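Step one of this worksheet: look at the structure below.
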Amino acid sequence: MTDGQERAWEDLSARYVLKVPRDAAVTSIAPGAVIDPAHVWGRSARLIAEIGSGQGHAIVHAASTRPDDDFLAIEVFTAGLARTMLEADRAEARNLRLVEANAPEVLQHLLPPASLHELWVFFPDPWHKNKHNKRRLVTAEFAALAARSLTDGGVLRLATDWEDYARQMRDVLDEAAGFMRDFEGEWAPRFDGRVLTAFERKGAHAGRSIRDLSYRRDPSAVRGI
Ligand SMILES: C[S@@+](CC[C@H](N)C(=O)[O-])C[C@H]1O[C@@H](n2cnc3c(N)ncnc32)[C@H](O)[C@@H]1O
């Protein structure tokens, strides 16, 4: 981290970063470490989480423009979390919390079932080489954890600039119990709450199409479509 990011961590982490019990790995979450969102945010409001929030552009923008909702940034990249805190402090966003942790464990152990109104996954690491594909976040196991975390009617929003990952996400979620497509046609329209980030710009610059997807939590959906 830069000196400024170190200072942000010292000055702002008490306000923004959740202290969580760990398992063996530094970014793990100990089983049973469930939070009470009403206690953490100090009120009952709709909760939106972003996985892989990076520098925090999308979630800080959302938190500062939607003061009636609460937000959780989930990231493993410490310097990105420091940037997110600086931006959040500048924007005076008090409805945002950050957790430095591996996202699937946050869904499994930290968040109560049916606690999220929306879950966002924008430009997850593509792991585009064939031999690395298996490291991708969006798998059937991930879909089950997302379904567990979302409230009935809640929405999972995704975006990627990698065509084969977009297709993999769509295949996985079409097959996932408890999700319905929330779009017509091949792909969802661009989510207007999604701020343009360097990852999207880089993908578009390289000539890749940006694909959005959105799926609604519907417990009666045995298969998505
Ligand atoms: C390609 S970047 C995209 C960042 C941001 N969404 C954007 O569009 O600018 C992917 C981010 O996901 C984070 N990430 C990867 N695996 C993760 C995991 N298992 N849990 C939490 N964050 C993760 C990385 O640290 C990285 O910041």
Side-chain angles (χ1 to χ4, degrees), residues 1-2 5 8-9 16-18 20 22-30 33 35 48-63 71-88 96-111 116 118-129 132-146 148-149 155-166 168-169 172 188 190-206 208-214:
M1 287 198 290
T2 62
Q5 289 164 350
W9 202 265
Y16 285 110
V17 181
L18 300 186
V20 292
R22 305 291 184 183
D23 207 347
V26 281
T27 57
S28 62
I29 302 281
I35 55 167
I48 292 106
E50 182 182 11
I51 290 177
S53 47
Q55 311 278 340
H57 299 304
I59 200 141
V60 172
H61 172 77
F71 293 86
L72 177 66
I74 306 169
E75 202 17 281
V76 288
F77 174 41
T78 315
L81 288 169
R83 284 285 300 270
T84 304
M85 280 190 274
L86 285 169
E87 294 294 318
L96 172 64
R97 298 291 180 278
L98 282 49
V99 63
E100 185 180 23
N102 176 33
E105 292 174 78
V106 173
L107 300 182
Q108 188 169 9
H109 301 306
L110 195 70
L111 292 169
L116 294 180
E118 291 194 18
L119 179 60
W120 298 349
V121 187
F122 300 149
F123 303 92
D125 292 329
W127 298 113
H128 53 87
K129 290 186 181 152
H132 292 150
N133 279 181
K134 57 180 177 299
R135 297 186 194 171
R136 286 176 169 173
L137 177 76
V138 182
T139 59
E141 294 73 29
F142 173 82
L145 291 173
R148 173 188 186 276
S149 306
V155 179
L156 172 61
R157 300 185 188 282
L158 310 103
T160 182
D161 54 326
W162 290 89
E163 174 86 20
D164 71 316
Y165 198 6
Q168 174 181 331
M169 290 174 178
V172 161
R190 189 184 194 285
F191 169 46
D192 60 8
R194 195 157 61 67
V195 169
L196 184 71
T197 67
F199 288 97
E200 177 165 5
R201 208 175 295 118
K202 198 171 145 198
H205 204 73
R208 294 191 291 271
S209 301
I210 312 300
R211 308 291 194 200
D212 278 67
L213 289 165
S214 68

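Order of appearance sets the numbers: ligands from 1, and atoms from 1 within every ligand. Fair warning: this is a prediction, and the values are worked out from it, not measured in the lab.
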Determine, stepwise, if the pair F142 / L107 fulfils side chain to side chain contact (heavy atoms under 4.5 Å, CB included).
CA-CA 9 Å; F142 173 82; L107 300 182; 3.8 Å; yes

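Looking only at side-chain heavy atoms (C-beta outward), L137 and Y165 come within less than 4.5 Å of each other. Between H109 and V20, every side-chain heavy-atom pair lies at or beyond the 4.5 Å cut-off. Counting heavy atoms from C-beta on, the side chains of H57 and R83 come closer than 4.5 Å. For the pair S53 and L72, the minimum side-chain heavy-atom distance is 4.5 Å or more.
Between the side chain of R22 and the backbone N or O of S28 there is at least one donor-acceptor pair closer than 3.5 Å.
At a heavy-atom distance under 4.0 Å, atoms from both the backbone and the side chain of F123 approach ligand 1. In N102, the parts holding a heavy atom less than 4.0 Å from any atom of ligand 1 are both the side chain and the backbone. Only the backbone of A101 comes within 4.0 Å of ligand 1, counting heavy atoms alone; no side-chain atom from C-beta on gets that close.
Where the criterion is an N or O separation shorter than 3.5 Å, residue side chain and backbone included, S53 fails it with respect to ligand 1. Looking at F199 next to ligand 1, no N or O pair under 3.5 Å apart turns up. Residue-to-ligand polar distances keep L137 apart from ligand 1: every N/O pair is separated by 3.5 Å or more.
Residue-ligand proximity, F122 to ligand 1, at heavy-atom distances under 4.0 Å covers atoms 3 (C), 5 (C), 6 (N), 8 (O). Listed by number with element, the atoms of ligand 1 under 4.0 Å from a non-hydrogen atom of F77 are 25 (O).
Defined by atom type and a distance below 3.5 Å, a donor-acceptor pair is missing between the side-chain atoms of Q55 and T197.
A salt bridge links E163 to R211: at least one charged side-chain nitrogen sits closer than 4.0 Å to a carboxylate oxygen.
The protein non-hydrogen atom at the shortest distance from atom 12 (O) of ligand 1 is G52 CA, 3.3 Å. Given atom 20 (N) of ligand 1, the protein heavy atom at minimum distance is A103 N, 2.9 Å. From the protein, the heavy atom lying nearest to atom 23 (C) of ligand 1 is V76 CG2, 3.7 Å. In terms of protein heavy-atom proximity, atom 10 (C) of ligand 1 is nearest to D125 OD1, 3.3 Å. The shortest contact between atom 8 (O) of ligand 1 and any protein heavy atom is with T197 OG1, 3.1 Å.
In this view, R190 and E200 satisfy the salt bridge (Lys or Arg N to Asp or Glu O under 4.0 Å) rule, not counting sequence neighbours. Residues passing the ring pair (Phe, Tyr, Trp, His ring centres under 6.0 Å) test with W9, sequence neighbours excluded: none.
Taking all heavy atoms of Q55, E75, H57 into account, the minimum distance to atom 13 (C) of ligand 1 is reached by E75.
Put simply, no part of I51 is less than 4.0 Å from ligand 1, judged by heavy atoms.
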